[in-house]
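Each remark here refers to the structure printed beneath this line.
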Amino acid sequence: MHRRIQARRKHVTEQIVTDKADLRRSLRAKRKDHVAAIDDKVRALLLMRPPAAVTDLLEADDVIGLYHAMGDEAPTRAYAKHFQENGYRIALPYFAEENAAMEFREYTDPFADDDLESGPFDIPQPRSEAPLLDPDILFVPLIGFTEEGHRLGQGKGHYDRFLGANLVRQRIGLAWDAQLVAEMPVEQHDEPLDMIVTPTRLFGPFEKRAAR
Ligand SMILES: Nc1nc2c(c(=O)[nH]1)N(C=O)[C@@H](CNc1ccc(C(=O)N[C@@H](CCC(=O)O)C(=O)O)cc1)CN2
Ligand SMILES: Nc1ncnc2c1ncn2[C@@H]1O[C@H](COP(=O)(O)OP(=O)(O)OP(=O)(O)O)[C@@H](O)[C@H]1O
């Protein structure tokens, strides 16, 4: 490649990375304010049951991947209990160590979390002996999303890499409404979502993109 074009490409990539970092910072602050403004009694009623648009997509032997919500993230515990009570196997992200690829291992106790221990990102995760599972439906945490199903994550590429390497039938973002942004920088490796659920709205399902 011509050297000047190469330099320009590099410049463009770096610009996207800083834009994403800025967007992450402002969206984390916006999310914090949004969550703080919801009355505790109201918050306890939100995201209690997956919507029919999600449950209608389920097949009997589906494995459902969730995340263990931290801080101001959209909560997942009620969904975890609901899916388990309805006979589905559920799974959470697992890392053998900080630089290892993200995997999913079985989550058997969404009521007491007795089967979890702290992982390398200080997030509770299944133990190394827990069975490795392959999620058919994956609930994905996010910092921001667009109406087209683009997603901004924590910036370590865990979900982009996992979704690029694994066939997941439905990738569902779970978010607060304040996490919607009109536009975001999109890079080649960014993996889009099929649907986003918030306490008030459903975005999608979007057309399945080509080249998956
Ligand atoms: N609840 C949850 N679990 C998850 C993720 C996530 O985003 N949320 N992940 C998504 O990839 C994977 C773990 N990867 C992570 C990568 C970076 C950070 C991180 O930078 N955390 C910030 C705090 C973020 C905040 O304040 O919101 C930090 O430690 O400073 C956390 C998890 C799998 N499990
Ligand atoms: N498929 C991939 N293969 C290799 N590296 C990847 C891949 N996807 C993402 N990355 C790397 O991971 C880092 C973070 O990417 P990006 O900022 O797009 O993540 P994100 O949108 O915050 O989502 P998440 O971190 O949740 O996956 C970047 O350095 C990127 O190059």
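Index from 1, following the sequence. Just follow the structure's listing: the first ligand is 1, and inside any ligand the first atom is 1.
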Which residue supplies the protein heavy atom nearest to [atom], what is that atom called, and how far is it?
atom	answer
atom 10 (C) of ligand 1	Tyr159 CE1, 3.4 Å
atom 25 (O) of ligand 2	Gly157 N, 2.6 Å
atom 8 (N) of ligand 1	Glu73 OE2, 2.7 Å
atom 5 (C) of ligand 1	Pro141 CG, 4.0 Å
atom 17 (C) of ligand 1	Gln154 CB, 3.6 Å
atom 3 (N) of ligand 1	Ile123 CD1, 3.5 Å
atom 27 (O) of ligand 2	Asp160 N, 2.9 Å
atom 25 (C) of ligand 1	Arg28 NE, 3.3 Å
atom 9 (C) of ligand 2	His189 CD2, 3.2 Å
atom 14 (C) of ligand 2	Gly155 O, 3.1 Å
atom 3 (N) of ligand 2	Arg161 CG, 3.5 Å

*asked:* Regarding atom 20 (P) of ligand 2: of the candidates Ala21, Gly153, Gly144, which has the closest heavy atom?
replied: Gly153
*May I ask which of Arg161, His158, Arg24, Lys156 has a heavy atom nearer to atom 13 (C) of ligand 1 than the others do?*
His158
*Examine ligand 1 and decide if any of its atoms is less than 4.0 Å from a heavy atom belonging to Arg31.*
yes
*Non-hydrogen atoms of Arg151 versus ligand 2: any pair closer than 4.0 Å?*
yes
*Is there a heavy atom of Gly164 sitting under 4.0 angstrom from any atom of ligand 2?*
no
*Tell me, yes or no, whether the heavy-atom count around Lys32 atom NZ, taken from other residues, nucleotides or ligands under 6.0 Å, exceeds 12.*
no
_Are more than 12 heavy atoms, taken from residues, nucleotides or ligands other than Glu117, located less than 6.0 Å from that residue's CD atom?_
yes
*Please determine which of Phe162, Phe95, Tyr94 meets the ring pair (Phe, Tyr, Trp, His ring centres under 6.0 Å) test together with Phe104.*
Phe162
*asked:* If the threshold is 4.0 Å, N to carboxylate O, is there a salt bridge linking Arg105 and Asp115?
replied: no
*So, Asp40 and Arg43, do they make that salt bridge, N to O below 4.0 Å?*
yes
*Provide the number and element of each atom of ligand 2 under 4.0 Å from a heavy atom of Gln154.*
22 (O), 25 (O), 26 (O)
_Determine whether any protein heavy atom is located less than 4.0 Å from atom 30 (O) of ligand 1._
no
*Less than 4.0 Å between atom 23 (C) of ligand 1 and some protein heavy atom, yes or no?*
no
*At under 4.0 Å between heavy atoms, which part of Met102 makes contact with ligand 1: side chain, backbone, both or neither?*
side chain
*Pick one of side chain, backbone, both or neither for how Arg24 approaches ligand 2, counting any non-hydrogen atom pair under 4.0 Å.*
side chain
